[in-house]
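Worksheet: one structure, shown below.
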Protein chains: 2
Amino acid sequence: MRDLGYMPNGAARALRSLRSRIMGIVIPTLNHAIYAGMVEALQQRLAGSEYSLLVATSEYDLTREEQQARLLVERGVEGLVLVGDNHRPELYRLLDRTPYVNTYVYKADSDHPCVGFDNRRATFEITEFLVGLGHCRFGMISAVTAGNDRASDRVAGVRAALETYNLSLPPEAVYERPYSILSGREGVRYLRTLTPSPTAIICGNDVLAMGALAECRAAGISVPDEISLVGFDNLEFAAHLDPPLTTMEVPAAEMGARAADFLLSQVSGKLDLHSVHLEPNLIVRRTTGRAPLPDSR
Amino acid sequence: MRDLGYMPNGAARALRSLRSRIMGIVIPTLNHAIYAGMVEALQQRLAGSEYSLLVATSEYDLTREEQQARLLVERGVEGLVLVGDNHRPELYRLLDRTPYVNTYVYKADSDHPCVGFDNRRATFEITEFLVGLGHCRFGMISAVTAGNDRASDRVAGVRAALETYNLSLPPEAVYERPYSILSGREGVRYLRTLTPSPTAIICGNDVLAMGALAECRAAGISVPDEISLVGFDNLEFAAHLDPPLTTMEVPAAEMGARAADFLLSQVSGKLDLHSVHLEPNLIVRRTTGRAPLPDSR
DNA sequence: TTGTACGCGTTATCAA
DNA sequence: TTGATAACGCGTACAA
């Protein structure tokens, strides 16, 4: 074998054994660290079990997500990782013979296996924290919510928390744009034009939060004294800033590893965990929120 | 077909047609935006040609890189994307029947197809720029150079440029640590202990540069008035900072797309470009380097 | 222990 | 145009 440089033929092996030794994942994009980090962890765990990983992207388009998933199933993936739980019905139908798991989302009553956390509860809790500090006018900078259950759940969490305290998040206080630093900057500029303007701004993810922070610095707005800024997802650098942001970090790597474990257990016929509840890392790494200034009422 | 929900069997198709319709890539890690961005662009381009992408990581370990590459070849990838050109000889031998391309590196006289830029020349040029401003004491914060030709080429470029001007980069002025924000912070602390301490610090990549910047802010060191900091790779956020960093951006997405085009042309029997020279985006996005302070001689 | 034959699902070829 | 058939390389089962 060595002399001839023999290499097994994966296609023939897969055809005969009915096992491709390949898993698949469809994510919105690799340009966001949270998804890249999950894929990294997933791949590492799979490599330890001699599985390879096919990666496809949806670009936040549910139709494209289904097309890509179909391609992966045709390639013979033994399991599929998805992001969120808002998928086209055709996609779910496609997966009747293939193990799959939704990530970045957790709903106790879900019909689908999921590994994640409760996005709605996460923003609900951070909003409660800010209300407790005395904030009553909130703004939100959100990703595009259409077809993105994580983004819309995060908006819903803020809104629900405020309504609990007889406050509200009117539609004009939500600046919704695609993920980018520029969107974050524009969001702060826009929210400052409202009268009265918000004393607390919650950003739907890390990129938007970094943009919002950059705009505050550029405009000489003190964070968190003048505006309390909150960011989500992956903000390691923000923790080194002075002052650091109030953040909630998402355990992307742990989700990837858990998703891998779940799918591997499915194909090896081990017990069905069905739904793995992964608590989010709800530790507010840097709680730099402040009470609103007296004159801002 | 529709009624029965027929799906083609990729393994059988690949076995019979001798075409898997799958490409592969082995990168150091997805945790760095430059690699994730390249994979993103590569995947998008391949998806347009109905190809899927197997992604594996080496964790900066050349042995692991070879193992992962072997696994991908056994899976039947029709082409393979690698990072750098310093690979184990066994890996190159493995690829005698599989098209491949090295990325993030460009050498005109290379025996191997490559898509990238000249890392040595990039740091050479930015060093010349700083020398032109009057800097004569340099420090460098570098990634681990063992088995990483991009990192060692970048150090070599700084050193060569300084020697051109009868200056030098002594070993103790190079702080070499794994990529992390913390390493960048420690690097600045370390280099400041040297006497005399450097007036210009060149960071081998973006993560180290962000750490270095965070440390300068925390220690009250003015950038670039007191120390000129230079970062490489992916520093979009740094451009929004005040003051912004002096940076050289790497065209990761374009490299991914070009690598895809090259491999697709190989498998479709089109002309062999062999070596695609991609100039780095050498535009110094923000040239905030300053002359050293008079009393720092 | 070593050897031989069959079938996995597709595609290419050849015959009708 | 349509339909039957062989072969891709491996893994398993059964025979020697």
Side-chain angles (χ1 to χ4, degrees), chain A residues 1-26 46-56 66-80 90-100 263-270, chain B residues 1-24 26 46-54 56 66-80 90-100 263-270:
Chain A
M1 284 172 64
R2 187 150 303 150
D3 292 351
L4 295 167
Y6 168 81
M7 302 211 55
N9 180 313
R13 176 173 284 179
L15 181 60
R16 171 65 237 212
S17 64
L18 302 178
R19 303 193 57 189
S20 63
R21 299 242 148 211
I22 295 176
M23 298 286 184
I25 184 171
V26 184
L46 292 177
S49 299
E50 305 243 273
Y51 268 78
S52 297
L53 180 65
L54 278 171
V55 178
E66 187 222 332
Q67 291 166 345
Q68 292 294 309
R70 166 160 281 121
L71 199 59
L72 297 190
V73 172
E74 289 184 4
R75 297 278 182 269
V77 294
E78 295 179 41
L80 191 59
E90 293 89 338
L91 203 175
Y92 279 125
R93 235 174 286 138
L94 192 71
L95 297 174
D96 61 347
R97 306 288 315 163
T98 304
Y100 66 93
L263 292 180
L264 289 171
S265 77
Q266 294 284 99
V267 297
S268 70
K270 297 281 174 56
Chain B
M1 283 172 67
R2 187 150 302 150
D3 292 352
L4 294 166
Y6 167 81
M7 301 210 54
N9 181 314
R13 175 172 287 180
L15 179 60
R16 175 64 235 213
S17 65
L18 302 178
R19 303 193 58 187
S20 63
R21 299 241 147 212
I22 296 177
M23 298 285 183
V26 184
L46 292 177
S49 300
E50 304 245 273
Y51 268 77
S52 297
L53 181 65
L54 278 170
E66 187 222 332
Q67 293 166 344
Q68 292 295 310
R70 166 161 280 123
L71 200 59
L72 296 191
V73 172
E74 289 185 3
R75 296 278 183 268
V77 294
E78 294 179 41
L80 190 59
E90 293 88 338
L91 202 175
Y92 279 125
R93 234 173 288 138
L94 193 70
L95 297 175
D96 61 346
R97 304 288 315 163
T98 305
Y100 66 93
L263 292 180
L264 289 171
S265 76
Q266 293 285 100
V267 298
S268 69
K270 296 283 172 57

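Numbered from 1 within each chain, the chains take letters A, B, ... in sequence-line order.
If you measure from atom CZ of A/Arg19 to atom C1' of D/dT12, you get 15 Å, rounded to the nearest angstrom. Atom CZ of B/Arg75 is separated from atom P of D/dC10 by 14 Å (rounded to the nearest Å). Remark: C1' of D/dG9 and CD of B/Glu74 are 14 Å apart, rounded to the nearest angstrom.
Considering only heavy atoms from C-beta on, A/Leu71 comes within 4.5 Å of A/Arg75 through its side chain. Looking only at side-chain heavy atoms (C-beta outward), B/Leu94 and A/Met7 come within less than 4.5 Å of each other. At a threshold of 4.5 Å between non-hydrogen side-chain atoms, the residues A/Val267 and A/Tyr51 count as touching. Side-chain contact between A/Ile25 and A/Leu72 is absent, with no heavy atoms from C-beta onward closer than 4.5 Å.
Among residues at least two apart or in separate chains, salt bridge (Lys or Arg N to Asp or Glu O under 4.0 Å) pairs with a member in residues 13-22 of chain B are B/Arg19-B/Glu78.
Annotation: side-chain hydrogen bond (donor to acceptor under 3.5 Å, both in side chains) contacts of A/Glu90 (sequence neighbours excluded): A/Arg88. Take A/Ala14 and apply the side-chain contact (heavy atoms from CB on, under 4.5 Å) test, not counting sequence neighbours, and it matches A/Ser20, B/Ala11.
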Sugar-phosphate atoms are those with a prime plus P, OP1 and OP2; base atoms are the rest. Using that split, label each nucleotide of nucleotides 3-11 of chain C B, S or - for protein heavy atoms under 4.0 Å, 5' to 3'.
----BBBBB

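In the helix from C/dG3-D/dC14 to C/dA16-D/dT1, the rotation axis of the first five pairs and that of the last five pairs differ in direction by 40°, rounded to 10 degrees.
The shortest non-hydrogen separation linking A/Met23 to A/Val77 is C-CG1, 3.8 Å.
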